[in-house]
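Comments concern the structure below.
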Amino acid sequence: MEVTISDAVKYIGVDDKTIDLFESQYVVPEGVSYNSYVILDEKVAVMDTVDKRGMEEWEANLLKTLDGRKVDYLIVSHLEPDHAGSIARLVELFPEVTLVGNAKTFQMMPQFFDIPLEGHSLTVKEGDTLSLGSHTLTFVMAPMVHWPEVMVTYESTEKILFSADGFGKFGALDCEDDDWACEARRYYFNIVGK
C-alpha cells in the first residue's frame, strides 16, 4: 500500500491479512498493518521496519520511494518484530546506515540481531534532536509503551508524531472496520495497557 503523508514523508508499511494470531495470542480477523515511513530530506530517515512476514513488499516499497537514494538513518522505536523484523535486511541494503535508538535499544539489540553496531549507531536520550535538513526529529522515551526500550519521535516541521505502539489498533489499514474504536480499545488493553 503506497500512502503519501506529505511531499517528504511517505508510508512504506504493509498489511498482513494472512496472520491469524498477533504475538501468537491475539486473534486478528482483519489482520494487522506493519507501519514504516521514509522521510526524504537532505538526509533520508526510515522510521521503523516491518515484520519479516512483510519484508519483501516493504523492501519494494522502500526502494521505489527512495528512487535511487540511500538511507542515512534508521530510527528504531521498538525492537518487537512487527517494528524491527527487517533491520538486518536494511543494513544489508545500506551498510553505511546509522541506527538511531536509545541506550536500552542497543543493550537489547544483540538478543535479536547479529549486525555491526560499532560506528553504525547513534544513541539518543530524552529530548535529543536529529536534523535531516529541513526536518528535525526529537526523541522522547516511552518505556513500557509495550517494551522497556520504546521511544517515540516527533518531527517538528510537519508536526508528525511517530508513536511506536502508543496509538495502534488491530486490523489491516485497508480493512473496512465498522468498529474502529473497539479494535483500538482491544489493542490498547492488551498491548499498551499492561
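Just so it is clear, the model here is predicted, and its values are computed rather than measured. No hydrogens, no waters, no symmetry mates; every other heavy atom, side chains included, goes into these values.
Listed by chain and residue number, Asp48, His83, Ala164 satisfy the side chain to side chain contact (heavy atoms under 4.5 Å, CB included) test with Ser77 (two or more places apart in sequence, or in another chain). Remark: Glu92 pairs with Arg89 by the side-chain hydrogen bond (donor to acceptor under 3.5 Å, both in side chains) rule, at least two apart or across chains. Here His135 pairs with nothing under the ring-ring contact (aromatic ring centres under 6.0 Å, His included) rule; sequence neighbours left out.
Screening Leu130, Leu99, Val46, Leu137 for a side-chain contact (heavy atoms from CB on, under 4.5 Å) with Tyr73, the sole residue that qualifies is Leu130.
Looking at every heavy atom in both residues, Phe94 comes nearest to Leu63 through CZ-CD2, 4.1 Å. Residues Leu79 and Thr105 share a closest heavy-atom pair of CD1-O, 3.4 Å. For Phe162 against Val9, the heavy-atom pair with the smallest separation is CZ-CG1, 4.1 Å.
Remark: the Thr153 side chain and the Glu155 side chain contain no N/O donor-acceptor pair separated by less than 3.5 Å.
The closest side-chain heavy-atom distance from Lys10 to Asn61 is not below 4.5 Å. At least one side-chain heavy atom of Val140 sits less than 4.5 Å from a side-chain heavy atom of Glu126. Contact of the Glu149 side chain with the Met141 side chain is not registered, since no non-hydrogen atoms from C-beta on lie closer than 4.5 Å.
To the nearest 0.5 Å, the span separating CZ on Phe113 from CE on Met108 amounts to 10.5 Å. Taken to the nearest 0.5 Å, the OG1 atom of Thr65 stands 11.0 Å off from the CH2 atom of Trp58. Taken from OG in Ser6 to CG in Leu40, the straight-line distance is 9.0 Å, to the nearest 0.5 Å. Rounded to the nearest 0.5 Å, atoms CD (Glu158) and CD1 (Ile5) are 9.5 Å apart. Annotation: the span from Thr136 atom OG1 to Asp41 atom CG amounts to 8.5 Å, rounded to 0.5 Å. If you take CZ on Arg69 and NZ on Lys43, they are separated by 10.0 Å, rounding to the nearest 0.5 Å.
In terms of modelled atom types and a separation under 3.5 Å, the side chain of Ser86 and the main chain of Val50 share a donor-acceptor contact. Proximity of a side-chain donor or acceptor of Asp72 to a complementary backbone N or O of Val44 within less than 3.5 Å is detected.
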Going through the distances and angles, do Ile75 and Phe139 end up as a side-chain contact (heavy atoms from CB on, under 4.5 Å)? CA-CA 10 Å; Ile75 312 305; Phe139 303 99; 3.9 Å; yes

Does the side-chain contact (heavy atoms from CB on, under 4.5 Å) test come out yes or no for Met151 and His78, once each step is laid out? CA-CA 7 Å; Met151 68 179 187; His78 186 18; over 6 Å; no

